[in-house]
Every structure is written in structure tokens, then in C-alpha cells.
2 protein chains.
Amino acid sequence: MAVSEQTRMAVLGGLSITPMTGYALREQIRDTLGHFWAESFGQIYPALSALEREGLIERQPAARAGSSTFAITPAGSIRLRELLSEAPQPAQPRNGLLLRLFFGRQLGEAACRALVQDARARAETDLARMRGLRAELRGDIGPDAPFILLTVLAGEHSARASIAWAEEATRLLDGLVAAEPEPS
Amino acid sequence: MAVSEQTRMAVLGGLSITPMTGYALREQIRDTLGHFWAESFGQIYPALSALEREGLIERQPAARAGSSTFAITPAGSIRLRELLSEAPQPAQPRNGLLLRLFFGRQLGEAACRALVQDARARAETDLARMRGLRAELRGDIGPDAPFILLTVLAGEHSARASIAWAEEATRLLDGLVAAEPEPS
DNA sequence: ATGGGCATGTAAGTAGTTACATGATTTA
DNA sequence: TAAATCATGTAACTACTTACATGCCCAT
């Protein structure tokens, strides 16, 4: 199967920070890009093969038998800059939470309230994670740090917005019960 | 191809508000669920066929030859409530903007600034759209209105967060240029 | 009578996940 | 020495988009 440009970008980008194995690359993507990007093994390994064929990365035998470290080549750096320069194509949105709330009348007010509370809890967790990432970054004066900070800040703003929305949504659902009480 | 539960939910949900044609359903989805959900014709028509086979919706001949209006059946309403009750499965994130900013050192500070400005402009447009939707909803006292309002508020909070982030990100990029001026 | 919007549907292609198969190395 | 973890890779499947083919109906 053809490897998408998006996946090439993520893989080349990861290797532009430091050479590593496919396995390590996946862990890096999960841990540092995780809040806004995902790649599975089924994407990463074919992408590594394709990029190697094209001379954009090089395979160097690693300490461990059967494993190899991949490093970006000069041609790969050029290609990465090209890929990054292309306009981001907005992914089609698919928010299961909002879909359920939209049809909330069918689902019932209590279930909606539970969904909102869950979302709020997840946002609190995310916010804590983002604050942790930011604290880690404060000690990092590497050339990539300010750009990584940009993405962490986006996560923080997004999480805070989710929390604020959840509070407003809860108040709104409370008002709904007050306005239409159960028949006595 | 099998039709996914997510698509069934969106289609049954749409028809739970009012009966309509597949074409109208797609327009409804684009216009009212558009900021958090998307379905293409290639999903909607197979979904309508499948749901009809299962007795969850009924096809009624429409005024126009060759077209038909679909209405949800009692069995369909039950199935919809079941589907809505399932836990939302979080879609794997794919944010092309943040991916580019993360590797911003490769892309260059000026291009990053442009990306942030674009994102800000898009967020302003979204915010205006959400405010418009909210104004429309103020006149609607239907039973679905408060639930729809929940989703519009989510859009508003999200758009405002994007704008606030873009401002902070721009300041941060400005500081970057001041700290590392071009060699004279 | 014709062009544009309404309407239905399918085929081909794209993208991505999950599960599996395999084996090396480390650690308890 | 057994279990956990590191590591690579593929096959089958699922989901979704795009482009195309077709035709109706209304307004000009």
C-alpha cells in the first residue's frame, strides 16, 4: 500500500530530531506527539521501507541483532522541509461526544450529564499532562524546544476550553431539569 | 462494505429529528453537525439501504419521481438510543498544523508564524459561525434546541481557545526572533 | 430547450488499525 | 530459565473519500 505524505512527514520529522529504531520512533510519537498525532506499527514499518528505498533515510545496523537504527539523509532533510511546507489538510471532524449530545433528547438528560462529566475528567487529566510536559521543556534549551512548546500550549488551551465548556454545559443541563420537572 | 455504527448513529439521529431524503440528510449533516462531524454520499446511501433492510427506517415515495423520503421506525428509535448509549470511541488525533509546528525548526520561524495566523483567521470565522448558530437557536424552543446548544457552545469555547493560543504563539515566535537575531 | 440544483447510487482507490507471527535481549 | 520487553514485519480487515454515471425537475 502507498504510504501517505502525512506519515512520511511524521517519520522523517521524528528522525530529524535523532536517529532511532522503528520501535523507538513509535514510542516517541506516542509520548511527544500523542496529544495531536498517532501512527501505528502498520504504518511506520512500511513507511521506513519506502523512505529507505527513496534514499531519504539510511539504515545502520544497531547493537542488537536483527534491529537497525534509521537516520535521516541530506535528501531526507530537504524532502521533510518540502512536506512541512505543504498546507495542512484539515482532517474531517469526528467527535463522538458532540454527536451524542446533539441527539441528547433521545439519549436522555442524565446520560448527557455523565458524558459531560467524563469529558471534563479527561480534560483535567490532559491539562495535568500538558503542564508536566511544559515543566520538562523549561529545562530544555535545545533548538526544537520553543516549537515543541507551541504544541504543548495548544494542548493546554484546548484542555482549559473543554473544562470551561463542561462547566457551562452542566449548568445548562441543570437548568433543563429545573424548567421541566418530572410530573408529580 | 459494512456500514459503521458511527455512521448508523448519525443517519438514524438525523432522521429522528425529521424525515428526509438522503440528499437532504447530507445537507443537514454538513450544515448543523459540520463543525464536529462529517459524512459523505458514499457513506450515507449504503447506510440508508442497510438501515432499511434492517427495518430501522422506512422509505416513503416522495413527490419527485425516483426520490424517496426516509423516516425512522419505532425499532429504529430503540436502536438509536442503544447506539447513543455506547461509549464514544475517541478518534485518533491527526492535527496537521501542530505536526508542522512541532518540527518548526525545519520549517522556519516565518512559515510557522504564517501557519499560526491562518489558524487564527479560521478560528475567527468559526467563532462568528458559532455565534450565528447560537442566535438562530435562541428563537428555537423545540425539544432538541438545548442539546444542540451544547454542541454550539463547545464550538465557541474551542474557537476562542484557538484564538487565545494563536496570540500567545505569535508572542512566543516574536520573542524567538528577538533572542536570535540574524548575524549582522 | 438548457443549465443548474436535486437526487441516487456505485466503483475504485486511499488510509489506517488490529491481530498475528517471529525472534532477540534483558531482568528477575 | 522464564517472563517481560524490545524489535520487525505482514495480512486481513475496516472505514471512508472521490469521482463517476445517471436522471429528474424547475426556472429562465
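Just so it is clear: chains get the letters A, B, ... in the order the sequence lines come, proteins before strands, and each one is counted from 1. All values reported here derive from a predicted model rather than from experimental measurement.
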Donor-acceptor pairs under 3.5 angstrom involving side-chain atoms of residues 78-88 of chain A: please list them, not counting sequence neighbours.
| unit_1 | atom_1 | unit_2 | atom_2 | d |
| --- | --- | --- | --- | --- |
| A:R79 | NH1 | A:E82 | OE1 | 2.8 |
| A:S85 | OG | A:R81 | O | 2.7 |

Rounded distance in Å - [atom1] ([X]) to [atom2] ([N]):
| X | N | atom1 | atom2 | answer |
| --- | --- | --- | --- | --- |
| A:Y23 | C:dG23 | OH | P | 18 Å |
| A:R94 | D:dC16 | CZ | P | 4 Å |
| A:M9 | C:dA15 | CE | P | 12 Å |
| A:L48 | D:dG9 | CG | P | 8 Å |
| B:R30 | D:dT17 | CZ | C1' | 15 Å |
| A:F41 | D:dT5 | CZ | C1' | 11 Å |
| B:W37 | D:dC16 | CH2 | C1' | 12 Å |
| B:Q43 | C:dA15 | CD | C1' | 13 Å |

Checklist entry - Are any of A:Y45's side-chain N or O atoms less than 4.0 Å away from OP1 or OP2 of D:dT8? => result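 Yes, within the criterion.
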Checklist entry - Given D:dA15, is OP1 or OP2 found less than 4.0 Å from the side-chain N or O atoms of B:T7? => result no
Have a look at [X] and say if it touches a base, only the backbone sugar-phosphate, or nothing, with a 4.0 Å heavy-atom cut-off.
| X | answer |
| --- | --- |
| A:Q92 | sugar-phosphate |
| A:R26 | nothing |
| A:S49 | nothing |
| A:S68 | sugar-phosphate |
| B:G42 | base |
| A:S40 | base |

Next on the checklist: Can you tell me which nucleotide in C:dT8, C:dT10, D:dT10 comes closest to the side chain of B:T21?
Outcome noted: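 In terms of side-chain proximity for B:T21, the closest of C:dT8, C:dT10, D:dT10 is C:dT8.
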Checklist entry - Closer to the 5' end of DNA chain C via nearest nucleotide, is it A:A38 or A:G66? => result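 Its nucleotide being nearer the 5' end, the pick is A:A38.
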Checklist entry - Mapping B:S67 and A:A65 onto DNA chain C by nearest heavy atom, which one lands closer to the 5' end? => result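 Mapping each residue to its closest nucleotide by heavy atoms, the 5'-most match is B:S67.
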Next on the checklist: Do B:I163 and A:F36 sit in one hydrophobic cluster, given that two such residues count as connected whenever their side-chain heavy atoms are within less than 4.5 Å of each other, even indirectly?
Outcome noted: no
Next on the checklist: Evaluate B:E54 against B:R8 for side chain to side chain contact (heavy atoms under 4.5 Å, CB included), listing each step before the verdict.
Outcome noted: CA-CA 11 Å; B:E54 295 161 12; B:R8 281 161 197 269; 2.7 Å; yes
Checklist entry - Going through the distances and angles, do B:L107 and B:L115 end up as a side chain to side chain contact (heavy atoms under 4.5 Å, CB included)? => result CA-CA 11 Å; B:L107 181 56; B:L115 283 173; 3.7 Å; yes
Next on the checklist: If you apply the rule salt bridge (Lys or Arg N to Asp or Glu O under 4.0 Å), what do you find for A:E168 with A:R171, and how did you get there?
Outcome noted: CA-CA 5 Å; A:E168 192 172 352; A:R171 280 197 300 276; 5.1 Å; no
Checklist entry - When only distance counts, do a donor and an acceptor, one from the side chain of B:R64 and one from the base of C:dC6, lie under 3.5 Å apart? => result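 Side chain to base: pair present.
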